[in-house]
Each structure stands twice: as C-alpha cells, then as structure tokens.
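We name chains A, B, ... by the order of the sequence lines, and we start the count at 1 in each one.
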Amino acid sequence: MVTATLSDADLRQRAWEIAARVVDPEIPVLTIADLGVLREVAVRDGRVEVAITPTYSGCPAMDMIALEIDLALEREGFLHPKIRTVLSPAWTTDWISEDGRRKLREYGIAPPLAASSRRALFGVQQVACPQCGSANTELLSEFGSTSCKALWRCKSCREPFDYFKCH
Amino acid sequence: MTVANIQISETPLVLYLLRRADDALILGHRLSEWCGHAPMLEEDMALANMGLDLLGQARELYSYAAKIEANGNDEDKFAYLREVGQYRNLLLVEQPNGDFARTMVRQFFYAAFADLYWRAMMRSRDASLAAIAAKSEKESAYHLRHSSEWIVRLGDGTAESHARAQGAIDDLWAFTGEMFWLDDRERALVDAGIAIDAASLRAPWLKTITNVVSEATLTLPTNNWMQQGGRSGQHSEHLGHLLSELQSMQRTFPGATW
C-alpha cells in the first residue's frame, strides 16, 4: 500500500484528487469531476473503490474512463483499485460544475441551458454561440458528434458548434 | 465449427429483462445497419446515435439479467450465444429497415411506446430497473421527438414520401399489438410492483400516435388483427439473418476479444 502512516481519510482524499484529474476522452478539457461522472471514492482495507456514473446509457467513453482511473491510481501507488459503475441516481447535466460549464464554453461547446427536466429536454429555443456570444443561432442536427451533443450553427459568425444537450 | 448456445434459467425476472434487452439490442442493430447509408449526414449521425443509446440500454439490462440469473452468463453471451428461438424481442423491432420511411415508422411506433414504458418503470420497486429506466426515458424522449418530426415531414411531404410512409404504417401496424401483451409470469411481476403493465400503456400510446399521424395527414389502419410470437421465441425469418451478422465473429472465432 502507499504508506502505513496515512489514515483512510487521507488516502481517500489523495485517491479522490488523483481520480478527479482524469479527463473525458471525448471532451478533454473536462475532468470527470467537472462532469459529475465521478461519484464516490472510498477506501476499504487499504484498497480504493471508485464509483462512476455514465452520462448516456451507451456512452462509449465509460470503459476508457474506468481504465484511465485505474492507471492513474496505480501510477500513484494505489494498487488494484476497484472501479464500479452506479446507475442511480441517474446522471443529469445539472451535475456539470460551474467551472465545467465555463471550460466547455471556452472549448467551443455551448453548455447545457436550463435545469434538466422533460421540459428542458424539449424546450431549448435559444443557445448562445460559444464563439461570438450571439443568440442568433439555429439547430442543424438533433444528434451530434457524440451522444451528449447536438449540432448548431451561428447565423452571426457562421461558425458551426456543438451544444451539450440538456439531459 | 459450431459454438454451443448458452442455457438460460428463465425465471420470470430474467425472462422479463431479456425481453426488454432484446428489444433494445435488435432495434439498435437495425439502426446501425444505416451507418454510412442514411439519406444525409445528419441522419446518419442520428440513427447511429440512437442505435448506440439502445445498445447501451441493452447492455445494462443484460448485465442485470446475468447478475440475477447467476449462472455464469454475461452480456456478451446473451447477445452472441443464443439462437433465434432463444431471443425474446418484439417482432416489430426485427423487421427489416426497408426504405427510410419504413425505418422511421418502426422507430416511431417503438419510441412512442418506450417513452411511456421507461417513464413508468422509473417507479419500479426494483431499484436497478428504476435506475436503468431513469437513463433510458430521457433517451427515448429524444428518439420519439426525432421520429415524430420525420413522420410529419414524410406524411405531409410529397406524394411519394406520403405513399411510402402510409405503406409502412399499413405494413407494420400488425406488429404493434405485441408491445402491449403480457403473460402470467409478467403479470406476477406487475403485481409485485417490479414490472410495468404494458397493457395499460396502449391508450396513451394510441393518443400520441394518433396526434402525430393526423398532423402528418396519414391514417391508421382500422384492421386491428395483431401478430405476436417474439416474446416466446417465435420469430419472423428476418431475425435469423440479422443474428447471423451480429454473431458472426463470436461464432467463427469463439471467445475472440479486441
């Protein structure tokens, strides 16, 4: 184990910080902590257990994220960490942190708008362009480059952009 | 070379989970067949995305079924090592893609059902099912919106698109009744608060369908004779062909991994 002098609480804190630095392979500016995908880190008998939750049922990034967490922890001396997937409560875009939203915008992806709900799912009217800030935008495709995004276009600066769907 | 099919202890809950998982897997596979062939790039992405959602739902349901069954099976064995007669999906979802209108009508009939189904399932007493439902219902809602818009566009489009959409509705209609069918084993799970009473969803489903179809200037058939069999493993000839493609790698190279 890492060191016998650290308490479980210290180990847990260190393991959390390591896991929290893992980024989403599809949106590398966001960490899994920013996204709210990282749910829980626990230490049981000196072994780290990490719980993550998928954004979409079929999100292909989940296997990659689990592998990255495993590798990051192993590199820092946490041997054989256990990574498990939890489905409940179901992830929502509300769990993306404020910092995460800012990073998304800077990366060129419009962050999800209102609090997630069935109304929000269907009610998105105006998404501001992450490039120029204009509200003069239009939906190109309900489904984008990954499960969690839709494709929009700005009619002011003419740039296409991804919108992180409210979910 | 032959690979043995797996044996399954079909307790009521395992059977129930396999029925839902098979619906999602088979429809997801059908949608994946469009990849690279859709009429426009946006639709190619949409169909692949929806197929991926369905595959994700199937994986969660299979994994849960494997856990409940505790018989050494897993999601891959359920998908790759069962023959046609062991599949429990609706006849509707195995019907061939046909043209784009036919794919959209099939998607519309199923999504309108799945949307109601998963939303109701969120109240299941089974925490795992409720959790799977909470993810799936948001995805189904998107699928329903997407296909509804296409039904209207095709029906209220040209004479050609109207005729194709109407033809697909007429042909696929007889497969819709099976969605609302349940047997005694499923009924017992409904009584226990675990499963959803599919029969109770027929009226709200019909309302959704009717609204969209009439906006699309299309009509629903008046003939209500319904075909069923998929839930007990009696399938149309199409499923065998689909499985031969879906399972070809594992049947040819048993246990192959990436």
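In this structure, B:Phe100 places its CZ atom where more than 12 heavy-atom neighbours from other residues, nucleotides or ligands lie under 6.0 Å away. Taking a 6.0 Å sphere around CZ of A:Arg102, one finds it holds more than 12 heavy atoms contributed by other residues, nucleotides or ligands. Within a 6.0 Å sphere centred on NZ of A:Lys82, other residues, nucleotides and ligands contribute 12 heavy atoms or fewer. Applying the 6.0 Å contact sphere to CD of A:Gln13 captures more than 12 heavy atoms from other residues, nucleotides or ligands. No more than 12 heavy atoms of other residues, nucleotides or ligands sit less than 6.0 Å from atom CZ of B:Arg59.
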- Message: What verdict does the side-chain contact (heavy atoms from CB on, under 4.5 Å) test give for A:Ser145 and B:Met45, after you've listed the backbone C-alpha separation in whole Å, the side-chain angles of each residue and the deciding distance to 0.1 Å?
- Response: CA-CA 7 Å; A:Ser145 55; B:Met45 294 197 313; 5.6 Å; no

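Note that CD1 of B:Ile132 is 10.5 Å distant from OG of A:Ser88, once rounded to the nearest 0.5 Å.
Proximity to chain B (any heavy atom under 4.5 Å) is shown, for A:Pro54, by both the backbone and the side chain. With a 4.5 Å cut-off on non-hydrogen atoms, A:Thr85 does not touch chain B at all. Neither the backbone nor the side chain of B:Leu55 comes within contact range of chain A, judged by heavy atoms closer than 4.5 Å.
No donor-acceptor pair under 3.5 Å is formed between the side chain of B:Asp53 and the backbone N or O of A:Ser147. Distance alone, capped at 3.5 Å, places no donor-acceptor pair between the B:Lys138 side chain and the A:Tyr56 backbone.
Chain A forms the most heavy-atom pairs under 4.5 Å with one residue out of B:Ala133, B:Ala134, B:Ala131, and that residue is B:Ala131. Options B:Glu42, B:Lys135, B:Glu43, B:Gln57 differ in how many heavy-atom pairs under 4.5 Å they form with chain A, and the most are formed by B:Lys135.
Residue-level contacts of residues 28-35 of chain A with chain B do not occur; threshold 4.5 Å between heavy atoms.
Residues A:Gly144 and B:Asn49 come closest through the heavy atom pair O-ND2, 3.2 Å. Nearest approach of B:Glu60 to A:Leu87, heavy atoms of both residues: OE2-CD2, 3.5 Å.
The aromatic rings of A:Phe143 and B:His146 lie perpendicular to each other, with more than 60° between the two planes, well past the 30° mark.
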